[in-house]
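Right, one structure below, let's go through it.
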Amino acid sequence: MSAAYPDFRLGKVLATSFTGTLSERHGDAVERIPTPHRLVDWLTLNGLAVDSCTPAQLELARELRESIHAVATAAAIQVALPASAVHVINDCSAQGRAAAVLTPEGRRQWRLSSASRVEDALGVIAADAISIIAGERDGKLALCGSPTCQAAFFDTSQSRTRKWCDMNTCGNRQKKARFHASAGRRKNPGSAE
């Protein structure tokens with residue numbers, strides 16, 4: 001992978017990891033799939049390898065990503081799901097042709113109908129989003145506590161009280177900010193807060 005692109009933020013949940021291909025949505029947004037080739041890279045890393053991607057397929061992928069983000073955010077804050085975003089997710093799920101297969105190691109793997117069908121891979125991602133939003137999986141949708149991120153993530157921690165979409169990025173950044181603010185107050189005890 002090229003060093004010219006930002007690293008992918010890979011999580012354990014396919015649909016919310018996919019929404020993480022655009023991060024810092026409320027700050028200086030970071031697009032992690034700026035080209036069709038980068039979408040191919042992301043899909044490959046997530047077990048959905050395709051040979052190629054067209055600009056139109058990249059746009060469809062981004063539309064799905066933003067639809068999943070909108071619906072997951074609405075579900076996390078318990079408001080009505082946006083109908084247009086639900087429609088995009090449902091269409092992508094219905095258009096994909098992929099089958100779950102069992103590997104010799106006993107793991108699930110996805111077999112796409114064709115190595116060039118990005119739509120099949122997007123169908124898998126859409127189906128994953130549906131299972132999460134419909135409450136079929138053990139966990140809870142939440143929003144990242146970082147004011148610049150606020151990404152929707154699927155919290156599978158035992159207490160369901162996770163605050164950050166990713167502890168290595170948003171969590172560490174917030175902890176460092178609190179530490180530096182606290183250190184500054186200790187240096188200047190007379191300063192107003």
Side-chain angles (χ1 to χ4, degrees), residues 1 5-33 38-39 41-48 61-82 85-86 88-90 92-93 100 107-110 121-185 193:
M1 294 205 204
Y5 298 114
D7 290 338
F8 292 127
R9 297 169 78 179
L10 300 175
K12 295 178 182 173
V13 179
L14 184 63
T16 54
S17 291
F18 187 57
T19 65
T21 60
L22 180 64
S23 59
E24 298 301 311
R25 292 168 183 269
H26 301 279
D28 292 327
V30 178
E31 176 61 75
R32 296 173 193 283
I33 54 169
R38 282 301 279 177
L39 177 60
D41 290 344
W42 189 90
L43 292 170
T44 299
L45 284 172
N46 285 278
L48 298 168
R62 288 180 177 162
E63 182 181 24
L64 174 62
R65 175 187 68 190
E66 295 312 302
S67 296
I68 293 170
H69 176 71
V71 172
T73 297
I77 61 174
Q78 299 179 346
V79 298
L81 305 181
V86 168
V88 169
I89 293 168
N90 289 341
C92 284
S93 180
R107 286 188 238 135
R108 181 184 67 182
Q109 185 176 33
W110 289 101
L122 298 180
V124 172
I125 296 166
D128 189 60
I130 290 168
S131 73
I132 292 166
I133 295 161
E136 295 173 354
R137 300 207 354 226
D138 190 25
K140 170 183 112 171
L141 279 164
L143 298 179
C144 181
S146 167
T148 59
C149 179
Q150 296 181 349
F153 66 92
F154 195 60
D155 182 2
T156 58
S157 67
Q158 188 171 9
S159 63
R160 307 289 194 263
T161 58
R162 207 171 102 199
K163 293 182 181 182
W164 319 110
C165 64
D166 186 288
M167 191 59 211
N168 292 326
T169 53
C170 292
N172 280 342
R173 190 175 22 226
Q174 293 301 309
K175 286 184 174 194
K176 284 179 186 177
R178 282 195 310 267
F179 174 78
H180 290 297
S182 174
R185 284 192 298 272
E193 291 187 43

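Only this structure's heavy atoms are used, side chains among them; waters, hydrogens and symmetry mates stay out. Note that this is a predicted model, so its numbers are computed, not measured.
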Inset, instruction - With sequence neighbours left out, write down each residue that passes side chain to side chain donor-acceptor pair (under 3.5 Å) with Ser67, or none if nothing qualifies. - result: none
Inset, instruction - Please say whether more than 12 non-hydrogen atoms of neighbouring residues, nucleotides or ligands are located less than 6.0 Å from CD in Gln158. - result: no
Legend entry - Thr156 and Lys12, any side-chain heavy atoms less than 4.5 Å apart: no
Inset, instruction - Quick one: closest heavy-atom pair of Leu64 and Leu122, and the distance? - result: CD2-O, 3.5 Å
Inset, instruction - State which residues pass salt bridge (charged side-chain N to carboxylate O under 4.0 Å, His left out) with Arg162; sequence neighbours excluded, sorted by chain then number. - result: none
Inset, instruction - Using the test salt bridge (charged side-chain N to carboxylate O under 4.0 Å, His left out), find all partners of Glu63 that sit at least two apart in sequence or belong to another chain. - result: none
Legend entry - Closest non-hydrogen atom pair, Ile133 against Ala72: CD1-N, 4.2 Å
Legend entry - Pairing residues for Asp128 by the salt bridge (charged side-chain N to carboxylate O under 4.0 Å, His left out) criterion, not counting sequence neighbours: Arg137
Legend entry - From Ser131 atom OG to Phe154 atom CZ, the distance as rounded to the nearest 0.5 Å: 7.5 Å
Legend entry - Glu66 with Arg25: basic N within carboxylate O range, under 4.0 Å: yes
Inset, instruction - Return the set of residues passing side chain to side chain donor-acceptor pair (under 3.5 Å) with Gln109 (not counting sequence neighbours), or none when no residue passes. - result: none
Inset, instruction - May I ask you to decide if Ile33's main-chain N or O and Arg62's side chain share a donor-acceptor pair within less than 3.5 Å? - result: yes
Legend entry - Any residue meeting side chain to side chain donor-acceptor pair (under 3.5 Å) with Ser157, in chain and number order, not counting sequence neighbours: Asp155
Inset, instruction - Using side chain to side chain donor-acceptor pair (under 3.5 Å) as the criterion, list what pairs up with Ser93, not counting sequence neighbours. - result: none
Inset, instruction - Please report the closest heavy-atom contact between Ala15 and Ile132, naming both atoms and the distance. - result: CB-CD1, 4.2 Å
Inset, instruction - Could you tell me which residues satisfy side-chain contact (heavy atoms from CB on, under 4.5 Å) with Ala100, sequence neighbours excluded, listed by chain and number? - result: Arg108, Trp110
Inset, instruction - Please step through side-chain contact (heavy atoms from CB on, under 4.5 Å) for the pair Leu48 and Ile125, ending with a clear verdict. - result: CA-CA 9 Å; Leu48 298 168; Ile125 296 166; 4.0 Å; yes
Legend entry - Closest contact, heavy atoms only, Cys144 versus Trp164: SG-CA, 3.9 Å
Inset, instruction - Report the residues that fulfil side-chain contact (heavy atoms from CB on, under 4.5 Å) with Ile77, sequence neighbours left out, ordered by chain and then residue number. - result: Val79, Leu143
Inset, instruction - With sequence neighbours left out, write down each residue that passes side-chain contact (heavy atoms from CB on, under 4.5 Å) with Ser23, or none if nothing qualifies. - result: Arg9, Val30, Arg32
Legend entry - Results of salt bridge (charged side-chain N to carboxylate O under 4.0 Å, His left out) for Asp138 - residues two or more places apart only: Arg160
Legend entry - Nearest atoms (heavy-atom pairs only) where Ala74 meets Leu81: CB-CD2, 4.0 Å
Inset, instruction - For side-chain contact (heavy atoms from CB on, under 4.5 Å), just list the numbers for Asp41 and Phe8, CA-CA rounded to whole Å, side-chain angles, deciding distance to a tenth of an Å, and then say yes or no. - result: CA-CA 9 Å; Asp41 290 344; Phe8 292 127; 3.9 Å; yes
Inset, instruction - Go through the structure and list residues passing ring pair (Phe, Tyr, Trp, His ring centres under 6.0 Å) with Phe153, not counting sequence neighbours. - result: none
Inset, instruction - Taking all heavy atoms of Thr19 and all of Ala152, pick out the closest pair and write down the distance. - result: OG1-O, 4.1 Å
